[in-house]
Amino acid sequence: MSQESTTQSRRLAIIGTGGLARELHELVEDINAAGTTTTWEIAGWLDGNAATHGTTVHDLPVLGDVDWLQANPDVYVTVGIGAPPTRRRVVERLRGLGHTRFATLIHPTAVIGRRVEIGEGTVICANVTTTTDYRIGQHVLINIMATVAHDDDLHDFVTIAPSAVISGNVTIGEGTDLGTNAAVNQGVEIGAWTIVGSGAVVTKSLPANCTAVGAPAKPIKERPEGWHL
């Protein structure tokens with residue numbers, strides 16, 4: 001059977017027009033160029049800033065706000081927003097509109113283990129390396145050149161910045177933001193909605209709702225429960 005007859009094409013809108021959203025556009029182009037079994041026809045961008053509506057970005061139209069999806073329910077979306085609280089709010093708004101078509105995007109250069117679980121709406125960028133027996137929740141972002149090892153558990157809405165390294169048996173709570181070049185030691189648990197600074201080395205478990213920096217990483221700021229809502 002030919003490649004053409006087994007390829008499925010779906011329409012896709014990218015939410016946002018900032019740097020990450022534009023990176024996701026190129027990620028999707030790379031997926032299409034690789035000839036995978038699912039390709040994407042990009043309809044355009046959705047942006048909450050009305051001043052962008054009717055303009056073009058990367059030669060693609062800004063179609064409007066996410067309300068555009070109500071008249072286009074068959075279009076899949078990917079959320080090009082790096083900050084976990086904002087990404088969560090956008091996803092919750094989409095679910096409130098009854099829209100549940102979220103694209104799961106994996107760059108062709110990413111190394112993905114065979115015995116893994118990857119949730120809907122997750123994006124795994126170029127040159128990410130993963131191993132085996134890990135779980136990645138829904139709407140997680142793993143940026144370029146990051147590493148995810150065995151038996152890790154990344155909960156929903158986690159963001160992993162470029163070149164971050166996560167050792168084995170690590171649990172990262174919902175909405176945690178792990179900075180560029182951060183490293184997480186074996187067996188560590190990071191609580192939900194915590195921010196880990198760039199270059200931090202997490203050698204011991206961290207609580208929820210804090211900001212931690214340094215090597216070894218230590219909390220320098222605490223936030224109230226629900227601060228991300």
Side-chain angles (χ1 to χ4, degrees), residues 1-49 51-69 71-84 86-87 90-91 94 99-114 116 118-130 136-148 154 157-164 180:
M1 187 175 292
S2 69
Q3 176 74 29
E4 181 179 358
S5 63
T6 59
T7 298
Q8 180 181 24
S9 183
R10 296 171 174 173
R11 293 186 74 205
L12 177 70
I14 302 172
I15 296 179
T17 56
L20 176 61
R22 287 180 275 115
E23 288 177 338
L24 295 190
H25 177 209
E26 296 214 0
L27 187 155
V28 171
E29 290 180 321
D30 289 345
I31 290 173
N32 290 344
T36 58
T37 55
T38 299
T39 59
W40 301 95
E41 175 195 348
I42 304 177
W45 315 87
L46 301 176
D47 197 297
N49 180 3
T52 67
H53 299 171
T55 65
T56 60
V57 177
H58 283 192
D59 297 322
L60 293 171
V62 182
L63 302 164
D65 199 350
V66 295
D67 290 337
W68 178 89
L69 293 165
N72 298 273
D74 293 333
V75 176
Y76 284 75
V77 296
T78 183
V79 183
I81 298 170
T86 308
R87 188 161 70 249
V90 169
V91 169
L94 290 168
H99 194 88
T100 57
R101 290 183 178 266
F102 297 105
T104 302
L105 303 176
I106 299 174
H107 194 276
T109 62
V111 177
I112 304 298
R114 296 179 183 86
V116 301
I118 298 174
E120 180 182 58
T122 282
V123 174
I124 300 178
C125 297
N127 298 309
V128 167
T129 300
T130 71
I136 296 173
Q138 297 183 4
H139 303 286
V140 171
L141 170 65
I142 304 179
N143 219 316
I144 56 173
M145 300 181 70
T147 301
V148 178
L154 277 58
F157 300 107
V158 164
T159 288
I160 307 299
S163 298
T180 299

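We're numbering straight along the sequence, starting at 1.
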Legend entry - Residues forming a side-chain hydrogen bond (donor to acceptor under 3.5 Å, both in side chains) with Thr129, sequence neighbours excluded: none
Inset, instruction - Find the distance between CH2 (Trp68) and CG (Leu46) and round it off to the nearest 0.5 Å. - result: 6.0 Å
Inset, instruction - Run the numbers on Val62 and Val57 for side-chain contact (heavy atoms from CB on, under 4.5 Å), then give the verdict. - result: CA-CA 7 Å; Val62 182; Val57 177; 4.1 Å; yes
Inset, instruction - Check the pair Val90 / Ile81 against side-chain contact (heavy atoms from CB on, under 4.5 Å), numbers first and verdict last. - result: CA-CA 9 Å; Val90 169; Ile81 298 170; 3.7 Å; yes
Legend entry - Nearest-0.5 Å distance that lies between atom SG in Cys125 and atom CG in Leu20: 7.0 Å
Legend entry - Residues forming a side chain to side chain contact (heavy atoms under 4.5 Å, CB included) with His58, sequence neighbours excluded: Arg22, His25, Glu26, Trp45
Legend entry - Distance-only polar pair, side chains of Thr159 and Arg87, donor-acceptor under 3.5 Å: yes
Inset, instruction - Show the numbers, then the answer: is there a side-chain contact (heavy atoms from CB on, under 4.5 Å) between Phe102 and Thr122? - result: CA-CA 9 Å; Phe102 297 105; Thr122 282; over 6 Å; no
Legend entry - Validation row: Asp74, Arg10 side chains within 4.5 angstrom (heavy atoms): no
Legend entry - side chain to side chain contact (heavy atoms under 4.5 Å, CB included) against Thr100, all qualifying residues, sequence neighbours excluded: none
Inset, instruction - Measure the spacing between OG1 of Thr52 and CG of Asn49 and express it to the nearest 0.5 Å. - result: 5.0 Å
Inset, instruction - Can you run down the salt bridge (charged side-chain N to carboxylate O under 4.0 Å, His left out) pairs that involve residues 54-66, sequence neighbours left out, and say none if there aren't any? - result: Asp65-Arg93
Inset, instruction - First locate atom CD1 of Ile136, then atom OG1 of Thr130, and finally report the distance between them rounded to the nearest 0.5 Å. - result: 6.5 Å
Legend entry - Residue list, side chain to side chain contact (heavy atoms under 4.5 Å, CB included) with Thr180, at least two apart or on another chain: Ala161, Pro162, Ser198
Legend entry - pair Val77-Ile14: side-chain heavy atoms closer than 4.5 Å: no
Legend entry - Reported CD-to-OG1 distance for the pair Gln8 and Thr36, which is rounded to 0.5 angstrom: 10.5 Å
Legend entry - His139 side chain vs Val123 backbone, donor-acceptor pair below 3.5 Å: no
Inset, instruction - Compare every heavy atom of His99 with every heavy atom of Pro73, then report the nearest pair and how far apart it is. - result: O-CE1, 3.6 Å
Legend entry - Heavy-atom side-chain proximity of His107 to Val128 below 4.5 angstrom: no
Inset, instruction - Report yes if the side chains of Ile15 and Thr78 come closer than 4.5 Å at any heavy-atom pair, otherwise no. - result: no
Inset, instruction - Any chance you could measure Asn143, atom CG, to Ile160, atom CD1, to the nearest 0.5 Å? - result: 10.0 Å
Legend entry - Check: Gly16 main-chain N/O paired with Asp47 side-chain donor or acceptor under 3.5 Å: no
Inset, instruction - Tell me, please, which residues at least two apart from Pro108 pass side chain to side chain contact (heavy atoms under 4.5 Å, CB included). - result: Asp30, Ile31, Ala34
Inset, instruction - Would you please test Thr104 and Ile124 for side-chain contact (heavy atoms from CB on, under 4.5 Å) and show each step? - result: CA-CA 8 Å; Thr104 302; Ile124 300 178; over 6 Å; no
Inset, instruction - Please examine the side chains of Phe157 and Leu141, heavy atoms only from C-beta on, and report whether any two atoms are closer than 4.5 Å. - result: no
